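Heads up: the structure comes next, in structure tokens.
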Amino acid sequence: MADIDTANLVLVNEGHTLQQALFEQIREKILCGSWLAGARLPSTRALASELKVSRNTVIYTYEQLLAEGYLVSKAKSGFFVAVTPPDQFLTTVSPISPTPQGTNNSPSNRLFSPGIADLAQFPIKQWNRYLQRHVGRSSLLGNQDLQGLLALREALATYLTSSRSVECCADQIIVTSGAQQSIAIALLVTQSSNATAPFLVEYPGYRQVVKVLELFNIKHDYVKVSGGSGLDVDSVVSRSATGVYLTPSNQYPMGCSLNTDQRLQLIEWAKRGKRWIIEDDYDSEFQFDSRPFRSMQGLAAQANAADQVIYIGSTSKVMFNALRIGYMVVPKHLAARCLEVKDALSGDTPSHVQAALADFITEGGLVRHIRKMRRVYEAKFQVMTASIQQYFGRDWVVISQGAGLHITVEWRSNVDEVLLSTQAEQVGIVVRPMRFYQPAQNKIMLSREPRNSAIVLGFGNASMDDIAPSVERLSKLYYDLLDELE
């Protein structure tokens, strides 16, 4: 049985001790079916470290859950969700059951390239064993289900329910060839033939979204995102639109998130006007400064608005980029239309790779890898921010939150971000200027807005030893350019 990902545990201890708050959180997860019977909980030491509480708090909580029958303990194996929770009949929330039916030398992988996972940390030998398990299966050699292998969709449904509080079953999940294909499908199926209102997208934002909108001539408009205040939610909810594309967990490239109140405002806006929210849950697995917020899809389900949300995820950042497996969770009534569009776009993922991923998830490999990488990326983030402080002092300001695989910095001097990027590339360092994220057809309009210069630096695939020396090299380039201006 798979290990449980506890990233979605958020301790709210108003009027309670931390132990009581943790007990109630775990109990609720078990009773509502988010944590399935037989699933293994993290060790007391691991959970205490993750939640930043004392180990005794976790030990006493586990012991109380064990005494009340919610957990079972197995010698030398740990704590597991009880097969039959003691008062399961008391809850009115039913668990949703699925319906039966590794580094290379490419320029895009260079030092500080955004969006690249730590490829050296991936358990490639274990992954190869999963591939070998399925590569010789003749049953996987023919044409397969357009929606994706059922075993993978069931594994994803369990994982998303547990880790992101997404409410779904396997029939709502569509396996794609990556987030980009998911985005294209979502944008195409949410357009009506007589639509006059635009589809809203973030700016600065993910350029690939705008490419799809422009390729298919979909009317669209932009919503400002700033490093300090994040998405301009008031601008969204005051407009008439077909829908909005969001990266609410760690906005790319500004590195900010939407809090629960903002998410609920947007959900109410979508529900009231029968509008769409495309939730790209980018970097939700890697949060360092705070516990991750619940997915918008899960919040929408609680507000009876799940039919307005399309949830998109990918394996690129949690595993490795070349895997090219994404997924989308769609309202049931929209699944058939999504499959029609996917069939037209093509881009299926080989079935034996899907089968290997299904095993990797169900046997606990994915959750264990994510737990390890949270620690690795948090350590890299700390080294990155400390190095920027050491070599730039107050001249550079980190404006992104502690999350994900990148850092966004800005400065007030007249040093040109594009020129710095060009010079950095000559010494093998990728510096992504903020201008890169401005839509091509709107660069003139957006460039008129006053703003500080800013760049994005990816630390995911940088070795710990390379970070500080590379930041130092960047500082020399920056201050040489600054000297030339004076």
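As the structure is a prediction and not an experimental result, all values here were calculated from the model.
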Worksheet item: What distance do R129 atom CZ and I124 atom CD1 have between them, rounded to the nearest 0.5 Å?
Response: 11.0 Å
Response to the item:
Scanning both residues in full, the closest heavy-atom pair of A356 with L131 reads CB-CD2, 3.8 Å
Worksheet item: Among all residues two or more places apart in sequence or in another chain, which pass the ring-ring contact (aromatic ring centres under 6.0 Å, His included) test with Y311?
Response: none
Worksheet item: Counting only heavy atoms not in R45, do more than 12 sit closer than 6.0 Å to its CZ atom?
Response: no
Discussion item. Salt bridge (Lys or Arg N to Asp or Glu O under 4.0 Å), that's the test. Do K372 and D118 meet it? Break it down for me.
Written reply: CA-CA 11 Å; K372 179 182 78 170; D118 190 333; over 6 Å; no
Worksheet item: Going by an N to O cut-off under 4.0 Å, is there a salt bridge joining D3 and R40?
Response: yes
Discussion item. Is it the case that the side chain of S229 and the backbone of S226 share a donor-acceptor pair, with hydrogens and angles ignored and the cut-off at 3.5 Å?
Written reply: no
Worksheet item: With sequence neighbours excluded, what pairs up with H369 under the ring-ring contact (aromatic ring centres under 6.0 Å, His included) test?
Response: F122
Practice prompt. Measure the acute angle between the ring planes of F288 and F459, then classify it against the limits of 30° and 60° as parallel, tilted or perpendicular.
Written response: tilted
Fill in: Beyond-backbone contact of I26 with L65, side-chain heavy atoms, under 4.5 angstrom
yes
Discussion item. Nearest 0.5 Å, please: how far is CG in L366 from CZ in R371?
Written reply: 10.5 Å
Fill in: Whether T61 side chain and L22 backbone form a donor-acceptor pair below 3.5 Å
no
Worksheet item: Between C168 and V329, which heavy-atom pair has the shortest distance, and what is it?
Response: CB-CG1, 3.5 Å
Worksheet item: Okay, side chain of S162, backbone of Y159: is any donor-acceptor separation there less than 3.5 Å?
Response: no
Worksheet item: Do we see a donor-acceptor contact under 3.5 Å between the side chains of T176 and S182?
Response: yes
Worksheet item: Hey, mind stepping through E202 and K224 against salt bridge (Lys or Arg N to Asp or Glu O under 4.0 Å) and telling me if it holds?
Response: CA-CA 6 Å; E202 306 161 325; K224 178 69 174 175; over 6 Å; no
Response to the item:
Looking only at heavy atoms, the pair that brings I173 and A157 closest together is CD1-N, 3.5 Å
Worksheet item: Is it true that a side-chain atom of R164 and a backbone atom of F293 form a donor plus acceptor pair closer than 3.5 Å?
Response: yes
Discussion item. Quick one: does any side-chain atom of Q181 pair with a main-chain N or O of S177 as donor and acceptor, under 3.5 Å?
Written reply: yes
Worksheet item: Does the distance from a Lys or Arg side-chain N to an Asp or Glu carboxylate O, for R294 and E167, drop under 4.0 Å?
Response: yes
Worksheet item: Taking all atoms of both residues into account, what is the closest heavy-atom pair of L111 and S470, and its distance?
Response: CD2-OG, 2.6 Å
Worksheet item: Rounded to the nearest 0.5 Å, what separation is found between the CG atom of L140 and the CD atom of Q354?
Response: 9.0 Å
Only pairs under 3.5 Å count here: list side-chain donor-acceptor contacts from residues 401-408, not counting sequence neighbours, and write none if there are none.
unit_1: Q401; atom_1: OE1; unit_2: S257; atom_2: OG; d: 3.4
unit_1: Q401; atom_1: NE2; unit_2: S249; atom_2: O; d: 3.1
unit_1: Q401; atom_1: NE2; unit_2: N250; atom_2: OD1; d: 2.9
unit_1: H406; atom_1: NE2; unit_2: P253; atom_2: O; d: 3.2
unit_1: T408; atom_1: OG1; unit_2: P253; atom_2: O; d: 2.5

Worksheet, complete the sentence: Checking Q121, Q126, K125 against P123 for side chain to side chain contact (heavy atoms under 4.5 Å, CB included), the one that qualifies is Q126
Item to complete: Quick one: pull up CG in L188 and NZ in K342 and give me the separation to the nearest 0.5 Å.
Response: 14.5 Å
Worksheet entry | Qualifying residues under ring-ring contact (aromatic ring centres under 6.0 Å, His included), relative to W269, sequence neighbours excluded | none
Fill in: side-chain contact (heavy atoms from CB on, under 4.5 Å) evaluation trace for Y282 with I312
CA-CA 8 Å; Y282 176 81; I312 289 173; over 6 Å; no
Worksheet item: Does the side chain of V409 reach to within under 4.5 Å of the side chain of V397, using non-hydrogen atoms?
Response: no
Item to complete: Could you walk me through whether Y437 and Y252 pass the ring pair (Phe, Tyr, Trp, His ring centres under 6.0 Å) test, one step at a time?
Response: CA-CA 9 Å; Y437 301 97; Y252 187 72; 5.3 Å; yes
Worksheet item: side-chain contact (heavy atoms from CB on, under 4.5 Å) between E279 and M328: does it pass, once the steps are laid out?
Response: CA-CA 10 Å; E279 178 186 11; M328 51 197 307; over 6 Å; no
Item to complete: Name all residues meeting the salt bridge (charged side-chain N to carboxylate O under 4.0 Å, His left out) criterion together with R337; count only those two or more places apart in sequence or in a different chain, and write none if there are none.
Response: E340
Worksheet item: Does A241 offer a backbone N or O that forms a donor-acceptor pair with the side chain of R275 under 3.5 Å?
Response: yes
Practice prompt. Under the ring-ring contact (aromatic ring centres under 6.0 Å, His included) rule, collect the residues that match up with Y62, sequence neighbours excluded.
Written response: F79
Worksheet item: Just checking, any donor-acceptor pair under 3.5 angstrom between side chains of T6 and K29?
Response: no
Fill in: side-chain contact (heavy atoms from CB on, under 4.5 Å) between V212 and Q180, worked out
CA-CA 9 Å; V212 174; Q180 180 65 13; 3.3 Å; yes
Worksheet item: Does M373 reach the side chain of V318, with side-chain heavy atoms less than 4.5 Å apart?
Response: no
Item to complete: Might you confirm whether atom CD of Q208 has over 12 heavy atoms from other residues, nucleotides or ligands at distances under 6.0 Å?
Response: yes
Discussion item. Checking side-chain polar atoms at under 3.5 Å, does D280 have a donor or acceptor matched by the opposite partner on Y245?
Written reply: yes
Discussion item. Using modelled atom types and a 3.5 Å cut-off, is there a donor and acceptor pairing between side-chain atoms of Q251 and backbone atoms of P204?
Written reply: yes
Worksheet item: Hey, is D359 close enough to R133 for a salt bridge, meaning N to O under 4.0 Å?
Response: yes
Worksheet, complete the sentence: Interatomic distance, CG@L258 vs CE@M296, rounded to 0.5 Å, equals 6.5 Å
Worksheet item: Got a salt bridge between K332 and D307, using NZ or NE/NH1/NH2 to carboxylate O under 4.0 Å?
Response: no
Practice prompt. Decide side-chain contact (heavy atoms from CB on, under 4.5 Å) for F23 and T57; before the verdict, give the C-alpha distance in whole Å, the side-chain angles of both, and the deciding distance to 0.1 Å.
Written response: CA-CA 10 Å; F23 173 85; T57 296; over 6 Å; no
Worksheet item: So, Q147 side chain and L339 main chain: donor-acceptor pair closer than 3.5 Å or not?
Response: no
Practice prompt. Ignoring hydrogens and angles, tell me if any N or O in the side chain of K380 forms a donor-acceptor pair with the backbone of G460 under 3.5 Å.
Written response: yes
Discussion item. Tell me whether R263 contacts the main-chain N or O of A300 through its side chain, where contact means a donor paired with an acceptor under 3.5 Å.
Written reply: no
Response to the item:
Of all heavy-atom pairs linking D145 and R153, the shortest is OD2-NH2, 3.2 Å
Practice prompt. Write down the atom of P331, the atom of I310, and the distance for their closest heavy-atom approach.
Written response: CD-CG1, 4.3 Å
Discussion item. So, taking the atom named NE2 in H352 and the one named OG in S139, what distance separates them when rounded to the nearest 0.5 Å?
Written reply: 12.5 Å
